[in-house]
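Take a look at the structure below.
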Amino acid sequence: MTVAAGSATGAESLVQSVDWLALAPPVIAASAALLILVADLFVGERHKPLLGYGAVAGLAAALAMLLPLRAGDRSTFCLTDGARACSYTADHFALVIQALVLGGALLTALLSIGDTRKLPAGEFWFLLLSSAAGAALLPAARDLATLVVALEVASLPAFALVGIKRGDRRSSEAALKFFLSSVVATAVMLLGVSFIYATTGTMHLTEIAARLDDVPGRFSTLAETGVVLTLVGFAFKTAVAPFHFWVPDTYVGAPLPIAAYLSVVGKAVGFSGLVLVTVVGFPSYGDVWGPALAVLAALTMTTGNLAALRQNATRARSAVRLLAWSSVGQAGYLLVPIAAAAYAGSTQIGSTVAYALMYAVVNLGAFAVAALVARTHPGNRLSDYSGLHSTRPLAALALGFFLLCLAGLPPGIIGLFAKVTVFSAAVDAGLGWLAVVMAVNVVIALYYYLRWTAALFKAPAEDTAADDAPAAPGHRVPAPLTVAIALTAVAGITLSGAPQLILRFATAGLF
């Protein structure tokens, strides 16, 4: 009887309830991906554009399902043995990041409609939605197994999206570099995760945090090594220097909407995972990852901004390269509050989330205008933007606004306030030296952002590009591309008119 009772209790402890409402955002994105893949078999070539609008509808539905979850109090796949440990938690941190990644994927879809004529439409939309589903799953993951699986679900389709341009040598090379760097990152991360599991005997982040507080002496080196290796894996994923080498060539070789996707959604995925493992899983090892992330933040922002400063305006695809290096520099700013959390607590994470929201809106807007210019200047040189105001005045004004936001200058108040919150996080944590490094880098970045902004309102440069094949003057711009530019511009202006929203995120307790 005793054995039977024990068996019954053990079986009962394995029963878990599933909260389908909490899971709805990633599930809807994944379901839409499967529906589009099946629909592609039955849709003729003439109607392939409808698949893109189906993808937009699926992502909009996934975004809408965040509204019933706004209380941030739902969890599922929880242990039933009395421990408060769940594998999936839809708290405020998860919901904000899910809104960011699904909104970023939606804007990417709008940028892609009309630009997928030479691409396999069904596969493209399936891969984009699959990656978005993984990206939406990751910020809600609260155990290492779910975290790694979500990260790979977000990453693996992205490899194929980068190399989806058939017969394009640059695209294939970019996909290979991206794939190899990501595989190395995953291998290193999995080794770190295995060390953490060997030390603590659990995969749940909250349980890991409790057990790492009291690690036996003989396991301390193993635990520290596991923490370091896990951080190195995420450093690859987030393009933190010196693990950033894959970024410029990958962005240049990928279709432009996918470069935009990687710069925003890919970065948000990597940083949300980094936040979870450091602040939720490894808080007791803040003396290990705090100084390391502070040094990496300084190195990353300096490397990215100096490389962006050196871009030649007449080099093919120099505009995309500058945005790629700029994204590396911005990654350094995003790291600062995470490093500060080791010294001043998890409330500093709000500054990273606030900065990520600002960056997502204006960077997607900049890529949207770059996609517009690329329709008439496939070389996408910085020199192609000279005198843009004379041919596309609204696009020039929008791009100028986005660049000023990235620089942190008025009228881009949203960018200024986001940078101030990051400065404050560094100073409050006692990282004055890091705040000084950031101030120097902001000044460096001002030069290349303002140089590009000024070029928009100069006289048009002579087009001597050998590989450009400009479209006819009356070339029609797809409506979804116009909508994407308008949405990002309206969002940026709205947030600049209400900068207190940035401050509210920066001071909010998200966990």
Side-chain angles (χ1 to χ4, degrees), residues 75 78-79 81-89 91-94 97 138-148 150-151 188-235 237-238 240 270-297 334-353 425-426 428-431 434 508-511:
S75 297
C78 300
L79 297 180
D81 57 2
R84 182 57 183 165
C86 300
S87 293
Y88 186 99
T89 299
D91 56 13
H92 289 111
F93 173 80
I97 301 298
L138 189 139
R142 292 298 183 273
D143 70 61
L144 290 176
T146 306
L147 195 66
V148 172
L151 190 60
V188 172
M189 188 188 308
L190 287 174
L191 183 60
V193 167
S194 68
F195 286 174
I196 296 296
Y197 179 72
T199 304
T200 62
T202 182
M203 284 287 189
H204 290 87
L205 294 175
T206 52
E207 293 290 294
I208 288 171
R211 297 183 191 185
L212 284 179
D213 271 334
D214 188 25
V215 175
R218 64 184 183 278
F219 290 137
S220 60
T221 302
L222 187 66
E224 289 179 2
T225 305
V227 169
V228 170
L229 290 177
T230 305
L231 293 181
V232 169
F234 276 104
K237 298 288 187 180
T238 52
V240 169
F271 274 99
S272 58
L274 185 62
V275 167
L276 290 174
V277 296
T278 52
V279 175
V280 180
F282 308 150
S284 56
Y285 280 76
D287 58 333
V288 175
W289 54 262
L293 291 183
V295 172
L296 289 177
L334 287 164
L335 269 181
V336 172
I338 304 177
Y343 302 91
S346 62
T347 54
Q348 302 295 330
I349 295 304
S351 297
T352 286
V353 174
D428 292 345
L431 296 172
L434 186 55
L510 297 174
F511 291 107

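We count residues from 1, following the sequence as given.
Here the straight-line distance linking atom CG of D428 with atom OG of S351 works out to 8.5 Å at 0.5 Å rounding. Taking CG of L334 as the start and CZ of F271 as the end, the distance is 5.0 Å to the nearest 0.5 Å. We find the CZ-CD1 distance between F93 and I97 to be 4.5 Å, quoted to the nearest 0.5 Å. Of the inter-residue distances, the one linking Y285 atom OH with T230 atom OG1 reads 12.0 Å to the nearest 0.5 angstrom. Annotation: the span from L335 atom CG to T238 atom OG1 amounts to 6.0 Å, rounded to 0.5 Å. Once rounded to the nearest 0.5 Å, the distance linking CD1 of I338 with CG of L296 reads 11.0 Å.
Annotation for A141 and L276: closest pair O-CD1, 3.4 Å, computed over non-hydrogen atoms. Nearest heavy atom pair, residue A198 against residue L222, reads CB-CD2, 4.1 Å. Minimum interatomic distance between W289 and F282 (heavy atoms only, all atoms of both residues): NE1-O, 2.7 Å. Closest of all the heavy-atom pairs between G226 and I196 is C-CD1, 3.9 Å. Nearest heavy atom pair, residue G192 against residue L229, reads CA-CB, 3.7 Å. Across all their heavy atoms, L191 and S194 have their closest contact at O-OG, 2.6 Å.
Side-chain atoms of M203 and V193, non-hydrogen and from C-beta on, do get closer than 4.5 Å to each other. Within the 4.5 Å cutoff, no side-chain heavy atoms of I349 are placed close to those of P337.
Under a cut-off of 6.0 angstrom, the local environment of OH in Y197 is sparse, with at most 12 non-hydrogen atoms contributed by other residues, nucleotides or ligands.
Residues passing the side chain to side chain contact (heavy atoms under 4.5 Å, CB included) test with S220: none are found, sequence neighbours excluded. With sequence neighbours excluded, the residues that form a side chain to side chain donor-acceptor pair (under 3.5 Å) with T146 are D143. The side chain to side chain contact (heavy atoms under 4.5 Å, CB included) check on A140 picks up Y88, A94, Q98, with sequence neighbours excluded.
Just one residue in the list L151, L147, L231, L144 forms a side chain to side chain contact (heavy atoms under 4.5 Å, CB included) with M189, and that residue is L151.
Put simply, the side chain of R142 never gets that close to the backbone of L205: no donor and acceptor are under 3.5 Å apart.
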